[in-house]
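Written out below as structure tokens is the structure these notes cover.
All figures in this text were calculated on a predicted structure; none of them were measured in a lab.
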Amino acid sequence: MAKLIAGVTTSHVPAIGAAFDNGKADEPYWKRVFDGYLPSKKWLAETKPDVVILVYNDHASAFSLEVIPTFAIGCAEEFPPADEGWGPRPVPVVKGHPDLAWHIAQSCILDEFDMTIVNKMEVDHGLTVPLSLMCGKVSEWPFKVIPLCVNVIQYPPPTGNRCYNLGKAIRKAVESFDQDLKVVIFGTGGMSHQLQGPRAGLINSDFDKRFLDNFASHPDKLIQIPHLEYVREAGSEGIEMVMWLIMRGALDKDVREVHRFYTVPASNTAVGHLILENKR
Ligand SMILES: [Fe+2]
């Protein structure tokens, strides 16, 4: 049977992808960011997942404001990198795992989570930047990826509690899939940042650090945070952090924190990153 063994959270700042693609990763400003992921690359290379379920939000690349699914799961064979205005990122095409993706869609829908099934989709920096941070420069990604998009762009996004419970449903789905697969789940986005308006540039490290401190052992405190608190404390784009709670819900209650990294800023965003493993 498939096993969900660990989770990764990370910011997915687009400028990190641009720095990576344009050979700036060794410049001091960016090296500070990339160095925080050196232990993570080693961990991932040793963990060798077969499949990564990658929770992220599409930034008007695959979905416009004409259609806004709350939760969408990518069931295709592959997902090309999207052109976000400067041509597609020079990274490998993402290979999917349609059998597991369809199984998760079925299991979650029968568990009353109404997933949108996506059979054709380009994937933007929300998905490819975490892969670059965790895998480095590669000719192909070392595992299959199931994209799971969450609407955190247009009000109303789902609540943290709903995301956490979706994580539990995903865990149940994975562990009822009858192939021996090692599965890791990524929850991406955040941390505090605001891209527009009078508070553009806002970063709140106290909020971010409290979030990181509670994430492994007290997610019950985080799932109750209302939308307005995210906006007030973490900026208008801080709401992306509800996606981390899908990852947390998919893991055991008791987890081991393997790695933590926090730095400010990357572009105009606080970068946060955790790796958690199930203890059993
Ligand atoms: Fe984002």
Side-chain angles (χ1 to χ4, degrees), residues 1-12 36-57 71 73-75 78-79 91-92 94-105 107-108 123 126-136 138 140-150 163-164 166-190 212 215-216 219 241 243-261 272-280:
M1 303 297 276
K3 277 262 163 255
L4 202 153
I5 56 167
V8 172
T9 65
T10 176
S11 308
H12 60 217
Y37 289 80
L38 293 176
S40 320
K41 285 158 101 173
K42 185 165 176 283
W43 174 86
L44 192 69
E46 287 166 4
T47 303
K48 292 190 179 46
D50 300 298
V51 183
V52 165
I53 299 168
L54 206 152
V55 181
Y56 75 110
N57 64 291
F71 299 119
I73 183 164
C75 295
E78 56 180 43
F79 306 92
V91 292
V94 172
K95 304 285 182 190
H97 196 301
D99 287 351
L100 178 56
W102 274 101
H103 175 81
I104 293 171
S107 181
C108 287
V123 288
L127 184 136
T128 61
V129 165
L131 291 178
S132 293
L133 283 168
M134 293 296 293
C135 304
V138 289
E140 58 186 71
W141 302 117
F143 38 71
K144 304 285 179 63
V145 177
I146 297 176
L148 202 154
C149 295
V150 180
C163 288
Y164 185 71
L166 175 61
K168 288 181 188 291
I170 290 170
R171 170 72 176 276
K172 180 179 159 195
V174 167
E175 302 209 335
S176 62
F177 186 65
D178 63 358
Q179 285 180 26
D180 287 329
L181 295 174
K182 237 196 267 182
V183 180
V184 169
I185 182 165
F186 287 15
T188 75
L212 291 167
F215 194 75
M241 277 186 266
M243 296 187 289
W244 289 29
L245 295 170
I246 297 179
M247 174 284 220
R248 185 64 192 87
L251 298 187
D252 287 350
K253 187 168 181 295
D254 290 326
V255 290
R256 191 174 26 249
E257 187 176 308
V258 177
H259 180 53
R260 181 191 297 207
F261 175 61
H273 170 44
L274 288 170
I275 299 177
L276 307 182
E277 285 177 349
N278 286 330
K279 280 190 183 164
R280 55 188 174 87

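- Contact record, F186 with V184: CE1-CG1, 3.8 Å, taken as the closest heavy-atom pair.
- Using a 4.5 Å heavy-atom threshold, the side chains of W141 and K95 count as separate.
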Could you please spell out the steps behind the side chain to side chain contact (heavy atoms under 4.5 Å, CB included) verdict for M243 and H12? CA-CA 12 Å; M243 296 187 289; H12 60 217; 4.1 Å; yes
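- For the pair H273 (side chain) and T9 (backbone), a donor-acceptor distance under 3.5 Å is present.
- Although no hydrogens or angles enter the test, the distance criterion places a donor-acceptor pair under 3.5 Å between the side chain of E175 and the main chain of L4.
- Under the 4.5 Å side-chain criterion, counting only non-hydrogen atoms from C-beta, L131 is in contact with V94.
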Go through the steps for Y56 and T10 under the test side chain to side chain contact (heavy atoms under 4.5 Å, CB included), then give the verdict. CA-CA 10 Å; Y56 75 110; T10 176; over 6 Å; no
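- Nearest heavy atom pair, residue W102 against residue C75, reads NE1-CB, 3.5 Å.
- Atoms CG and NZ, on D50 and K3 in that order, are 13.5 Å from each other to the nearest 0.5 Å.
- Atom CD1 of I73 is separated from atom CG of L166 by 8.5 Å, given to the nearest 0.5 angstrom.
- Looking at heavy atoms from C-beta onward, M247 lies in side-chain contact with L276 at the 4.5 angstrom threshold.
- Nearest heavy atoms, G74 versus A101: O-CB, 3.5 Å.
- For CD of E257, the number of neighbouring non-hydrogen atoms (other residues, nucleotides, ligands) closer than 6.0 Å is greater than 12.
- To the nearest 0.5 Å, the span separating CD1 on I170 from CD1 on I53 amounts to 6.0 Å.
- The distance from atom CZ of F143 to atom SG of C135, rounded to the nearest 0.5 Å, is 3.5 Å.
- Contact detail for G36 and P39: the closest heavy-atom pair is O-CD, 3.8 Å.
- Within the 3.5 Å criterion, the main-chain N or O of V8 finds no donor-acceptor partner in the side chain of H259.
- The local environment of NZ in K172 is sparse, with at most 12 non-hydrogen atoms from other residues, nucleotides or ligands closer than 6.0 Å.
- When atom types are taken as modelled, the side chain of T188 and the backbone of S11 share no donor-acceptor pair closer than 3.5 angstrom.
- Between S176 and H103 the shortest side-chain heavy-atom distance falls below 4.5 Å.
- The main-chain N or O of I5 is never found under 3.5 Å from a side-chain atom of K182 such that the two would form a donor-acceptor pair.
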Any chance you could lay out the side chain to side chain contact (heavy atoms under 4.5 Å, CB included) test for D178 and M1, step after step, and finish with the verdict? CA-CA 5 Å; D178 63 358; M1 303 297 276; 4.1 Å; yes
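- Taking all atoms of both residues into account, the shortest heavy-atom contact from V145 to F79 is O-CE1, 4.0 Å.
- Rounding to the nearest 0.5 angstrom, the gap separating the CG atom in L212 from the CH2 atom in W244 is 5.0 Å.
- Of the possible donor and acceptor atoms, none in the side chain of H97 sits under 3.5 Å from a partner among the backbone N and O of I146.
- A 4.5 Å side-chain heavy-atom check between V258 and S40 finds every atom pair outside the cut-off.
- Counting only distance, with no hydrogens or angles, the side chain of D252 and the backbone of N278 share no donor-acceptor pair below 3.5 Å.
- Separating the CZ atom in R260 from the CZ atom in F215 is a distance of 11.0 Å, to the nearest 0.5 Å.
- For the pair L100 and V183, the minimum side-chain heavy-atom distance is below 4.5 Å.
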One pair to check against side chain to side chain contact (heavy atoms under 4.5 Å, CB included): I246 and F71. What are the steps and the verdict? CA-CA 11 Å; I246 297 179; F71 299 119; 4.2 Å; yes
